[in-house]
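Before any comments, here is the structure.
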Amino acid sequence: MKKYFSLMILGMLASFLMWSCSTRDNDDRMDNDTYSVVYDVKGNFKLTGKLFVLGGTFTRGIASSDVVLIYKLVEVSNGKNIWEPLPVIYHANEYKEIPAGKQLKYTYEFSSAGFDIIAGGDFDLKGQSTAFNDGYLNGQTFRVVIVPASAGRRAVVDYSNYEEVIKYFNIDDSKTVSL
């Protein structure tokens with residue numbers, strides 16, 4: 001009888017442990033399949049069809065649940081880089097190299113293998129001045145940040161603020177990988 005009683009207690013304990021584990025709220029767990037990564041991309045846009053594209057391939061693929069954020073280096077102020085999130089639009093009234101009444105837009109798209117940064121506008125980017133090409137198409141620097149999407153859905157972070165994203169996801173951006 002003691003043997004059956006011990007087995008019954010052991011069975012109840014095992015059932016309780018399985019129940020408590022299976023009903024645990026999994027929303028509090030961090031997405032552990034993604035490690036936030038920062039890539040630096042510097043280069044010249046190339047004309048591909050009708051678009052100017054600057055692309056890259058990730059050194060390792062990313063999960064389909066990951067989010068890719070891309071920021072453009074717009075200036076260096078007091079030795080500190082100032083990053084602006086894409087998409088970004090530059091208007092002619094703010095930048096003299098852009099034809100009057102026109103605008104230039106940087107956007108991007110990504111897959112698990114890589115990304116494309118696209119420069120386009122409501123004017124023909126081909127045949128623009130050297131100042132335009134040097135200011136907007138050649139030698140451009142971008143920062144690509146990969147973060148887990150599951151954390152991003154609950155994140156109380158301003159994705160347009162590069163510094164806030166780096167701080168929130170605890171990313172050491174001094175260890176960027178160049179693409």
Side-chain angles (χ1 to χ4, degrees), residues 30-91 94-98 103-121 125-126 128-179:
M30 191 68 150
D31 182 358
N32 292 321
D33 64 345
T34 298
Y35 298 97
S36 298
V37 180
V38 179
Y39 295 102
D40 276 341
V41 179
K42 184 171 183 163
N44 300 333
F45 283 87
K46 305 273 188 254
L47 183 60
T48 306
K50 294 182 179 183
L51 301 172
F52 280 85
V53 177
L54 175 61
T57 304
F58 298 125
T59 54
R60 61 175 194 162
I62 64 171
S64 62
S65 62
D66 291 347
V67 173
V68 174
L69 306 169
I70 300 183
Y71 300 85
K72 182 180 187 308
L73 180 64
V74 292
E75 70 177 292
V76 178
S77 177
N78 297 323
K80 184 177 178 181
N81 292 337
I82 308 299
W83 299 99
E84 189 168 33
L86 298 188
V88 64
I89 299 174
Y90 296 119
H91 300 278
E94 300 167 4
Y95 302 93
K96 65 182 179 181
E97 296 87 8
I98 298 174
Q103 63 184 20
L104 170 69
K105 183 176 185 178
Y106 293 104
T107 59
Y108 70 97
E109 50 191 36
F110 68 92
S111 70
S112 61
F115 62 92
D116 285 327
I117 302 169
I118 303 156
L125 273 59
K126 292 184 289 183
Q128 294 299 314
S129 68
T130 301
F132 176 85
N133 289 338
D134 290 345
Y136 301 100
L137 299 178
N138 297 330
Q140 299 300 298
T141 302
F142 295 89
R143 187 148 281 176
V144 178
V145 181
I146 300 172
V147 296
S150 63
R153 277 186 251 127
R154 295 187 314 270
V156 183
V157 61
D158 178 4
Y159 288 106
S160 68
N161 184 324
Y162 173 80
E163 298 297 327
E164 220 177 284
V165 169
I166 295 303
K167 183 178 178 183
Y168 181 83
F169 288 102
N170 196 29
I171 299 171
D172 182 358
D173 66 347
S174 68
K175 297 178 180 177
T176 61
V177 177
S178 293
L179 291 179

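By convention here, the first residue in the shown sequence is residue 1. Because the structure is a prediction, the values reported are computed rather than measured.
Proximity of a side-chain donor or acceptor of Q140 to a complementary backbone N or O of G135 within less than 3.5 Å is detected. Panel note: side chain D40, backbone V177; no donor-acceptor pair is recorded below 3.5 Å. Not one N or O on the side chain of Y106 forms a donor-acceptor pair closer than 3.5 Å with the backbone of Y90. Formation of a donor-acceptor pair under 3.5 Å by the Y108 side chain with backbone atoms of V68 is found in this model.
When every heavy atom of F45 is checked against every heavy atom of L54, the shortest pair comes out as CD2-N, 3.5 Å. The two residues T57 and A113 come nearest to each other via the heavy atoms CG2-O, 3.4 Å. Closest heavy-atom contact between I62 and S111: CD1-O, 3.8 Å. The two residues Y71 and Y159 have their closest heavy-atom pair at OH-O, 2.5 Å. The shortest heavy-atom contact between E163 and N161 is N-OD1, 3.0 Å.
Under the 6.0 Å cut-off for aromatic ring centres, W83 and Y162 qualify, their centroids lying closer than that. Here the two rings, on F58 and F110, have centers that are 6.0 Å apart or farther.
Between K105 and V88, every side-chain heavy-atom pair lies at or beyond the 4.5 Å cut-off. Side-chain contact between L104 and L125 is present, with heavy atoms from C-beta onward closer than 4.5 Å.
Atom CZ of F52 and atom CG of N133 lie 7.0 Å apart (nearest 0.5 Å).
Applying the salt bridge (Lys or Arg N to Asp or Glu O under 4.0 Å) rule to D158 yields no partners; only residues at least two apart in sequence or on another chain are considered.
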